[in-house]
Asker: 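Here you go, one structure.
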2 protein chains.
Amino acid sequence: MPKSDNIPAPAVRRLSLYLRQLEAFHAADHRTVSSRQLGEALSLSDAQVRKDFAYFGQFGHPGIGYRVPELIQRVRRILGTDKQSNVLLVGMGNLGRALVSFGGFAKRGFDVVAAFDRDPGVIGMKSPRPIAFSVQPLADLPQVVKEKSIRLGILAVPAPAAQAVADTMIAGGVRGILNFAPVTIQAGLEIAVASVDLGVHLEQLSFQLGTTVS
Amino acid sequence: MPKSDNIPAPAVRRLSLYLRQLEAFHAADHRTVSSRQLGEALSLSDAQVRKDFAYFGQFGHPGIGYRVPELIQRVRRILGTDKQSNVLLVGMGNLGRALVSFGGFAKRGFDVVAAFDRDPGVIGMKSPRPIAFSVQPLADLPQVVKEKSIRLGILAVPAPAAQAVADTMIAGGVRGILNFAPVTIQAGLEIAVASVDLGVHLEQLSFQLGTTVS
DNA sequence: TTTTGTGAATTGCTTCACAGCA
DNA sequence: TGCTGTGAAGCAATTCACAAAA
């Protein structure tokens with residue numbers, strides 16, 4: 001049983017990176033890995049790595065390091081991705097279509113099993129590539145959430161529609177939203193929201209270039 | 001002249017959010033905005049907002065607040081997006097195609113003006129929608145970087161190719177990379193790298209659901 | 001030896017609270 | 001009065017450094 005409370009948010013963010021790197025070590029047939037090796041691969045200190053894992057329990061073996069397959073299992077358990085879960089997506093514009101075609105989610109434990117759009121033009125569309133579902137109207141969302149036990153939704157609609165669609169998702173039973181619209185989504189504390197604003201990331205790079213360099 | 005050094009990284013991240021929100025206030029015809037209003041819209045404290053701006057200079061007017069158009073200009077200047085700049089993209093898979101079709105970059109000061117891919121099958125392709133350039137082979141990258149004064153590149157290739165392509169971009173003169181591949185890119189300190197791992201964000205949501213709730 | 005786990009020290013970030021200006 | 005800018009205080013996260021385990 002971990003302390004469960006008082007875990008720094010940055011530590012949780014890094015947990016995902018550790019998992020990704022552990023899987024890379026596993027693919028390269030490393031049986032064990034030390035906090036220093038793991039930190040080096042991710043540009044973190046060895047102390048940081050040990051402290052982060054310590055928030056969740058005792059995973060290491062003194063003198064040995066961490067056993068890779070064991071740690072992968074335990075981190076997945078912590079993140080809740082030890083079993084596949086279903087997610088839905090709303091907004092089948094350019095980005096939405098790219099995201100449902102994107103193979104990377106399934107490898108990390110998330111299956112995109114339903115897509116919704118307001119536009120009747122794309123509803124019924126068999127979505128790009130051989131995908132097993134067709135695009136449905138938003139009105140069907142609550143039913144699909146129940147039938148497929150969906151907890152997470154990806155929001156890929158234009159900015160002006162984002163808050164209203166988010167409200168619809170929440171009312172329909174979605175518990176967490178990954179938002180790609182460049183607006184701040186307002187939701188209750190019991191709803192988890194993460195936002196990815198592609199423009200923001202380029203701005204960060206632009207700022208760094210302005211200061212890092214002459 | 002700002003102090004220039006010792007600016008917390010979180011403050012720089014929030015600067016992009018302030019800009020986005022200021023533009024929303026501007027569109028709604030707000031002439032001025034207080035730190036409290038701005039903070040409320042972004043779920044931040046008023047003190048946080050004032051302190052963040054203070055890292056970069058004195059922008060506010062006591063008793064009044066911040067003048068919206070003025071602050072927008074100054075934040076853009078700080079981020080280096082007061083003038084449009086050219087960016088390139090490598091990797092015309094699903095995600096890459098969606099990103100070049102994505103209108104949101106131009107509004108924030110970034111024009112995607114060139115696209116590259118390894119696959120001869122897509123080279124020469126006029127890219128989706130009416131876009132003014134065609135996909136080129138990677139060998140052309142250094143020349144394009146020079147001709148179009150490109151400093152930033154978007155990396156949207158599969159994970160196994162990402163590091164090699166990043167090296168090619170850097171050797172070609174790119175100074176900052178926005179990486180969508182789920183790997184840590186190794187680059188010199190003079191190169192700015194930002195990574196967006198779509199799977200990681202879903203994992204964060206998954207973790208929050210596991211702990212927030214029963 | 002090697003390497004973890006962890007209290008203690010340190011560094012960094014945020015919030016507080018108020019002087020000063022409009 | 002309303003609101004900014006900022007030193008000081010408080011809190012959070014990281015790094016240090018070492019006892020214990022293999």
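In what follows, chains carry the letters A, B, and so on, assigned in the order in which the sequence lines appear, proteins first and then strands, with residues in each chain numbered from 1. This structure is a prediction, so every number in the text was calculated from the model and none was measured.
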Asker: Would one find more than 12 heavy atoms of other residues, nucleotides or ligands at under 6.0 Å from atom CZ of Arg74(B)?
Answerer: yes
Asker: By nearest nucleotide on DNA chain D, pick out whichever of Gly63(A) and Asp46(B) is the more 5' one.
Answerer: Asp46(B)
Asker: Let me know the distance between OH of Tyr66(A) and P of dT2(C), rounded to the nearest Å.
Answerer: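 Result: 17 Å.
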Asker: Rounded to whole Å, please give me the gap between OH in Tyr18(B) and P in dT4(D).
Answerer: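 These atoms are roughly 12 Å apart.
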Asker: How close or far is atom P of dT2(C) from atom CZ of Arg36(A), stated in whole angstroms?
Answerer: 10 Å
Asker: How about Gln84(A): does its CD atom have over 12 heavy atoms from other parts shown lying under 6.0 Å from it?
Answerer: yes
Asker: Whole Å only: how far is the CG atom of Leu38(A) from the P atom of dT3(C)?
Answerer: 13 Å
Asker: Given atom CD1 of Ile64(B) and atom C1' of dG2(D), what is their separation to the nearest angstrom?
Answerer: 9 Å
Asker: Counting heavy atoms not belonging to Gln143(A), are there more than 12 under 6.0 Å from its CD?
Answerer: no
Asker: Scan residues 7-17 of chain A for pairs that pass salt bridge (Lys or Arg N to Asp or Glu O under 4.0 Å), counting only residues two or more places apart or in two chains.
Answerer: Arg14(A)-Asp52(A)
Asker: Take atom CG of Leu44(B) and atom P of dT15(C), then tell me their distance rounded to the nearest Å.
Answerer: 8 Å
Asker: Between the side chains of Arg76(A) and Glu23(A), is the shortest nitrogen-to-carboxylate-oxygen separation below 4.0 Å, so that they form an ion pair?
Answerer: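 Counted as a salt bridge, because a side-chain N and a carboxylate O are separated by less than 4.0 Å.
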Asker: Take nucleotides 11-19 of chain D nucleotide by nucleotide from the 5' end and write B, S or -, depending on whether a protein heavy atom sits under 4.0 Å from the base, only from the sugar-phosphate, or from neither.
Answerer: --SBBBB--
Asker: Is there a residue in residues 23-34 of chain B whose heavy atoms reach under 4.0 Å of DNA chain D, and which residues are they?
Answerer: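 Ser34(B), in order of number.
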Asker: Compare all side-chain heavy atoms of Leu79(A) with those of Ser16(A) and state whether any distance is below 4.5 angstrom.
Answerer: yes
Asker: Rounded to whole angstrom units, what separation is found between the CD atom of Gln58(A) and the C1' atom of dT3(C)?
Answerer: 14 Å
Asker: Grab the CZ-P distance between Phe59(A) and dT4(C) for me, whole Å please.
Answerer: 14 Å
Asker: Ignoring hydrogens and geometry beyond distance, is a side-chain donor-acceptor pair present between Ser35(A) and Arg50(A) at under 3.5 Å?
Answerer: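 Yes, because at least one side-chain N or O of Ser35(A) sits under 3.5 Å from a partner of the opposite role on Arg50(A).
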Asker: Ring-plane angle category for Phe59(B) and Phe53(B), please: parallel below 30°, perpendicular beyond 60°, tilted otherwise.
Answerer: perpendicular
Asker: Output yes when at least one side-chain N/O atom of Gln37(A) is less than 4.0 Å from OP1 or OP2 of dT3(C), else no.
Answerer: no
Asker: Just so I know, are the side chains of Val113(B) and Val87(B) near enough to count as touching, which here means a heavy-atom distance under 4.5 Å?
Answerer: no
